Novice: 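Please read through the structure below; I'll follow up with questions.
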There are 2 protein chains.
Amino acid sequence: MDAIDLNIIELLRGNARLSYAELARQVGLSAPAVHERVGKLESSGVIRAYRAEIEPESIGLGVTALIEIIEESAADTDDVLEAFRAIPEIESCYFMAGVESFLLKARVGTIGELEALIVRLNRTPGVASTRTGIALSTKWENRPQPVGTPPA
Amino acid sequence: MDAIDLNIIELLRGNARLSYAELARQVGLSAPAVHERVGKLESSGVIRAYRAEIEPESIGLGVTALIEIIEESAADTDDVLEAFRAIPEIESCYFMAGVESFLLKARVGTIGELEALIVRLNRTPGVASTRTGIALSTKWENRPQPVGTPPA
DNA sequence: TACAGTCCGTGGACGCGATCGACCTGAACA
DNA sequence: TGTTCAGGTCGATCGCGTCCACGGACTGTA
């Protein structure tokens with residue numbers, strides 16, 4: 001992980017469809033060299049995936065909600081997690097410090113679907129209660145920040 | 001926006017670096033046809049960007065926090081928003097229904113940096129108070145869900 | 001200092017993909 | 001029925017992805 005790798009990462013975070021030739025020009029290496037570096041970044045897990053970012057409304061997912069989950073004290077966190085993983089509407093899942101164990105970001109098409117989702121979550125074994133906030137609008141999301149210093 | 005467009009979108013959400021030729025094979029059209037469809041999806045704003053998803057720890061961003069913002073009653077929401085936009089650590093920004101006006105997702109390298117960020121947020125004109133939750137771990141994030149029915 | 005091994009790069013070659021233009025087809029409509 | 005247009009295919013060209021052989025810098029060892 002040197003400065004050139006960070007440079008490549010930053011370029012691919014901005015545009016994942018850049019060609020190797022273009023990357024090579026921008027970082028000052030040959031295309032095969034960049035190709036090999038990217039391959040290593042992928043197989044070492046630094047680059048997890050390449051994703052197209054889609055305007056959610058256009059694919060019928062106009063409602064964004066953030067849902068905090070409070071577990072029952074006797075709950076098995078792994079089981080709860082597996083139950084959440086099986087729910088496709090849950091786009092992101094964070095395990096939090098504090099009273100609420102999980103914060104979920106979910107996207108659905110309608111308020112009705114959100115209601116069904118919340119009911120389903122509350123019925124999930126291990127879930128004591130939920131608290132839902134609705135995002136009226138997403139100002140921005142997953143904006144890449146300039147890469148800082150990698151860990152020592 | 002027909003079924004083929006949705007198919008293309010789903011494929012690109014799974015892997016944004018698929019070649020047009022490969023997309024064409026999978027959706028059953030010729031490569032130029034797919035090229036044109038993707039171009040239209042991009043220029044109409046359905047496809048917003050193509051991003052490489054990076055393991056945050058490897059670029060020195062090991063601390064994820066979710067920060068709720070309560071605005072002062074007299075605050076100008078647009079000004080607050082612009083102030084937030086200028087802070088690179090804020091990856092996502094949602095305008096919420098409820099007492100808390102904003103929910104921010106931020107990523108920093110250390111707890112010290114998080115402290116500095118929270119101080120900065122609290123000093124921002126228009127911000128009355130903040131409430132921060134720290135993500136101990138990210139179970140998953142931005143998982144694409146199968147595309148549903150587009151809006152009528 | 002000389003030598004060998006390793007890492008990481010370059011340059012060349014070749015086949016495939018991106019992309020352009022010409023042409024085709026079916027639907028909508030006067 | 002004829003016209004127009006959207007949206008597709010096909011073919012050609014050019015550049016890119018990718019494989020391979022080769023070379024230079026660095027390092028540890030005699």
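Since the structure is predicted, the reported quantities are computational estimates derived from the model, not experimental observations. Below, read A as the first sequence line, B as the second, and so on, with proteins coming before strands; counting in each chain starts at 1.
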Novice: Can you check the E36(B) CD to dA18(C) P distance for me, whole Å?
Specialist: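 The answer, rounded to whole Å, is 15 Å.
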Novice: Using a cut-off of 4.0 Å on non-hydrogen atoms, how would the nucleic acid contact of S19(B) be classed: base, sugar-phosphate, or nothing?
Specialist: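 Answer is sugar-phosphate: S19(B) comes under 4.0 Å of backbone atoms only.
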Novice: Within the structure, does a side-chain N or O atom of H35(A) lie under 4.0 Å from either OP1 or OP2 of dT18(D)?
Specialist: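 So the side-chain polar atoms of H35(A) do come within 4.0 Å of the phosphate oxygens OP1 or OP2 of dT18(D), strictly under.
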Novice: Would you verify whether the NZ or CZ of R17(B) falls within 45 degrees of the ring axis of Y20(A) while also being under 6.0 Å from that six-membered ring's centre?
Specialist: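 Ring-cation test returns yes.
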Novice: Measure CZ/R17(A) against P/dG17(D) and give the value in whole Å, please.
Specialist: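 About 11 Å, once rounded to whole Å.
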Novice: Of I8(A), I9(A), N7(A), which is the lone residue that meets side-chain contact (heavy atoms from CB on, under 4.5 Å) with L11(A)?
Specialist: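 Answer after filtering I8(A), I9(A), N7(A): N7(A).
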Novice: Would you kindly give the CD-to-C1' distance between E22(B) and dG17(D), to the nearest whole Å?
Specialist: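 My rounded result for the distance is 15 Å.
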Novice: Would you give the length of the straight line joining atom CG of L104(B) to atom NZ of K139(A), rounded to the nearest 0.5 angstrom?
Specialist: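 So the gap between those two atoms works out to 12.5 Å.
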Novice: Verify the contact: side-chain N or O of K40(B) to OP1 or OP2 of dG7(D), cut-off strictly under 4.0 Å; return yes or no.
Specialist: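 Yes, within the criterion.
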Novice: As an exercise, state the distance from CZ of F102(A) to CD1 of I67(A), rounded to the nearest 0.5 Å.
Specialist: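 The CD1 atom of I67(A) is 13.0 Å from CZ of F102(A), to the nearest 0.5 Å.
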Novice: Whole Å only: how far is the OH atom of Y20(B) from the C1' atom of dT9(D)?
Specialist: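 That distance rounds to 18 Å.
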Novice: As a test of reading the structure: which of dT10(C), dT19(C), dG17(C) is closest to the side chain of A31(B), going by heavy atoms?
Specialist: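 Nearest to the side chain of A31(B) among the choices is dT19(C).
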Novice: Between L29(A) and P32(B), which is nearer to the 5' end of DNA chain C once each is assigned its nearest nucleotide?
Specialist: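 It is L29(A) whose nearest nucleotide is closer to the 5' end.
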Novice: Applying a 4.0 Å non-hydrogen cut-off, can you work out what R25(B) is touching in the nucleic acid: base, sugar-phosphate, or nothing?
Specialist: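 Result for R25(B) = sugar-phosphate.
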Novice: Between P on dC8(C) and CG on D2(A), what's the gap in Å once rounded to a whole number?
Specialist: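 Between P of dC8(C) and CG of D2(A): 9 Å.
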Novice: Establish, with yes or no, whether the OP1 or OP2 oxygen of dG8(D) is under 4.0 angstrom from a side-chain nitrogen or oxygen of R37(B).
Specialist: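 For dG8(D), OP1 or OP2 has a side-chain N or O of R37(B) closer than 4.0 Å.
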